[in-house]
Amino acid sequence: MQTLSKVWLFCVLLLISSVANANLTIEITRGSDQALPIGVVPFAGSEGLPEDIAQIVQDDLERSGLFEPLERSAMFDRPSQASDVEFGTWRSLDVRYLVVGRAQQTGGGYELQFDLVDISGQRPMISETVTVSGNDLRGAAHYISDQVFEAITDIRGAFSTRIAYVTAQGLGDNMQFGLYVADADGRRSQQVLTSDQPIMSPSWSPDGRKLAYVSFETGKASIYIQDVNTGQRVQATSFDGINGAPTWSPDGRRIAMSLSKDGQPEIYVLDVANRSLDRITQSNSIDTEPAWSPDGRSIIFTSDRSGGPQIYQHVMGSGETNRLTFTGNYNARARFSPDGEQIFLIHRSSRGFQVAKQDLDGGRLVVLSDSTRDESPSVAPNGTMVIFATQQGSSGVLSAVSADGRSSFRLPAAQGDVRDPAWSPFLN
C-alpha cells in the first residue's frame, strides 16, 4: 500500500492547473536559424472580417519553426493574386515564398481565394478557393496554412488539428478541474468536462472523436471514454487501486492502461467493444505510461524494474520485452514518432527534467527542450513538433519544441496552470 500511495501522490503532483478563460496564447521562445523566409500578405477584402486570415496563417507558419515571416511593415507592395506579384520587389526583401489572397462575404459565409508563389522560381505553387460556411474563418485559415506547409515541405500540415489539456483552479477543497479541447494554436477552447475532483491523462481516439481520461469524481480513479462533440461518455474501468494512463491503439479498438488491481501497477489492454481485459506485463515493478507503436504491434511503457524509471518495449503476442533507454537514470513517459523510428520522452539530465528524443536504430538520445521541469510530451501527428507541460515561474504552462530542437514556443494561460496536453490525430 505504501508503494501505491507514492504512485498516486506522484500522479496528483502532475495534475494541471486551470484558468477562468481556457484559451491559450502563443509566445515564440526560440526561432530556427534555418527557417525559410516567407511573406503572408493581408488578404484583400478582409477589412472588417471577424478574423485576420493572413495573420493566422503567418502565426501558424512561424510557430512551426520552419518559416520566418516578413513583418507587414516591411511590405512595399500588397498583391492579392499571383498575377500581380512583382518578383524583383520580393527578392529584394529576401522573401522566398509569398502567400497572397482575397476574401469576400457570400450569402452563408465567406469565399477565400489564395495563392502560394515561389519567388525564387517565379511560379505559382498553389491557387485555390476555400468556401467557408458560417463563421469558421479560423478553421479556413488553418486549412490554408496546412496547404502552404505541405506544398513547401512535402510534410502534411497539422495546423487544423486540436489539443486536449487539463486545468485546475483554486486551493485546497475549492479546487476545480476542467478538461478542454482547443485548436492547435490554443484558441477556440471548449470545455469537455468540469469536476471538483482531479482529471488526468487525456488520450485521443485515432479518429479524433473521443477522449479517454482518468477522473476521480467517484472518490477513486476511474477511466472514462467521452465523445468530444456530443458529451456522451461511459466508464471503462473502475477497479480498486490505480486506473491510469489510458492510451488508444492505432485501430481504435483497444486501450492500453496501467492497473494495480492485481498488486503492483501493470500494463493491461482493454477491448473497447466487449470490455475484455488482457494483462500484458508480469513483473514485481511499477509498469505504467503505455504507448502504442504506430503499427499496433508493440507497446512501450515506463518501468522501474532496473532500479529507476526506464523505457521498455513489449512485442504484442510474443511475450518479448526489451529495455530501450540506457542514457541516464531517469527516462519516462515515452511516445512514438508517427513513423515509428523515434521515441520522445522525459529525460532527467544535469539540468532537470527535459523533453528528449531517441532514435530506435542506434539508441542515441538528444535533449530538445531548454526548460527544466517538463512533463507529459505528446507528438504532433506529422511528427514535426512535441507539446509538453512545464513550469514558467510558479505557473504550469504548455510548451512545444520542434523535433529537431531548433525552435520552440509556449502557450501560457491568462491565469492559473495548464498541463497534461494531448495532441489530436489528423481529423480528416
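- Taking the six-membered ring for Trp and thresholds of 30 and 60 degrees, Tyr330 and Phe353 have ring planes more than 60 degrees apart, a perpendicular arrangement.
- Remark: Glu217 engages Arg233 in a salt bridge, criterion side-chain N to carboxylate O under 4.0 Å.
- A salt bridge is absent between Arg156 and Glu150; no separation between the charged side-chain nitrogens and carboxylate oxygens falls under 4.0 Å.
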Check against side-chain contact (heavy atoms from CB on, under 4.5 Å), Ile38 and Leu98: CA-CA 6 Å; Ile38 192 169; Leu98 190 69; over 6 Å; no
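- Smallest separation of non-hydrogen atoms from Ser238 and Ser222: OG-OG, 3.0 Å.
- Geometrically, Arg305 engages Tyr312 in a cation-pi contact, judged by NZ or CZ lying under 6.0 Å from the ring centre and within 45° of the ring axis.
- Between Asp52 and Arg72, at least one side-chain nitrogen of the basic residue sits less than 4.0 Å from a carboxylate oxygen of the acidic one, meeting the salt-bridge criterion.
- A donor-acceptor contact under 3.5 angstrom links the side chains of Asp287 and Ser303, judged on distance only.
- For Asp271 against Arg254, the heavy-atom pair with the smallest separation is CA-CG, 4.4 Å.
- A donor atom on one side chain and an acceptor atom on the other are not found under 3.5 Å apart for Tyr110 and Glu51.
- In summary, the side chains of Glu111 and Thr106 do not present any donor paired with an acceptor at a separation below 3.5 Å, with no hydrogens or angles considered.
- Between Arg348 and Asn329, the side chains place a donor N or O and an acceptor N or O closer than 3.5 Å (distance only, hydrogens not considered).
- The only option from Met125, Gln81, Glu128 that meets the side chain to side chain contact (heavy atoms under 4.5 Å, CB included) definition with Asp115 turns out to be Gln81.
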Carefully, step by step, assess Asp359 and Gln342 under the rule side chain to side chain donor-acceptor pair (under 3.5 Å). CA-CA 4 Å; Asp359 295 329; Gln342 299 171 321; 2.9 Å; yes
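- Ion pairing between Asp183 and Arg188 holds under the 4.0 Å rule for side-chain N and carboxylate O.
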Walk me through whether Ile225 and Ile255 qualify under side-chain contact (heavy atoms from CB on, under 4.5 Å). CA-CA 10 Å; Ile225 300 172; Ile255 296 177; 3.7 Å; yes
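- Under a 4.0 Å N-O distance rule, the pair Arg406/Asp404 qualifies as a salt bridge.
- Closest approach of Ile53 and Ala103 over heavy atoms only: CD1-CB, 4.1 Å.
- In terms of heavy-atom proximity, Val214 sits nearest to Ser201 at CG2-CB, 4.4 Å.
- More than 12 heavy atoms of other residues, nucleotides or ligands lie within 6.0 Å of CD in Gln358, so this atom counts as buried by the packing criterion.
- In this pair, Tyr165 and Tyr180 present their aromatic rings parallel. The plane angle is below 30°, not in the 30 to 60° band.
- Once rounded to the nearest 0.5 Å, the distance linking OG of Ser258 with CD of Glu289 reads 8.5 Å.
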Asp185 vs Asp59, test: side-chain contact (heavy atoms from CB on, under 4.5 Å). Steps then yes/no. CA-CA 9 Å; Asp185 61 359; Asp59 292 343; over 6 Å; no
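- Only one option out of Asn382, Val379, Thr384 pairs with Pro338 in a side chain to side chain contact (heavy atoms under 4.5 Å, CB included); it is Val379.
- With a 6.0 Å radius and a threshold of 12 heavy atoms from other residues, nucleotides or ligands, Arg297 has its CZ atom at or below the threshold.
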Would Asn243 and Thr237 count as a side chain to side chain donor-acceptor pair (under 3.5 Å) if you check the C-alpha gap in whole Å, the side-chain angles of each, and the deciding distance to 0.1 Å? CA-CA 7 Å; Asn243 296 254; Thr237 70; 3.0 Å; yes
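- The backbone N or O of Val386 sits nowhere less than 3.5 Å from a side-chain atom of Trp423 that would complete a donor-acceptor pair.
- For the residue pair Asp262 / Tyr268, a side-chain donor-acceptor distance below 3.5 Å is found, with atom types taken as modelled.
- Judged as a salt bridge (Lys or Arg N to Asp or Glu O under 4.0 Å), and not counting sequence neighbours, the contacts of Asp60 are Arg63.
- The distance between the ring centers of Phe114 and Phe43 does not fall below 6.0 angstrom.
- Salt-bridge formation is not detected for the pair Arg333/Glu375: no Lys NZ or Arg NE/NH1/NH2 atom is positioned less than 4.0 Å from an Asp or Glu carboxylate oxygen.
- Between the side chains of Asn331 and Gln310, at least one donor N or O lies within less than 3.5 Å of an accepting N or O.
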When you look at Gln313 and Phe301, which way does the side-chain contact (heavy atoms from CB on, under 4.5 Å) test go after all the steps? CA-CA 7 Å; Gln313 183 174 25; Phe301 59 95; over 6 Å; no
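- Arg351 and Asp370 are not joined by a salt bridge, as no carboxylate oxygen comes within less than 4.0 angstrom of a charged side-chain nitrogen.
- Side chains of Thr247 and Trp292: no donor on one and acceptor on the other come within 3.5 Å.
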Please assess Phe388 against Phe344 for the test ring-ring contact (aromatic ring centres under 6.0 Å, His included), listing each intermediate value before the final yes or no. CA-CA 11 Å; Phe388 57 97; Phe344 296 87; over 10 Å; no
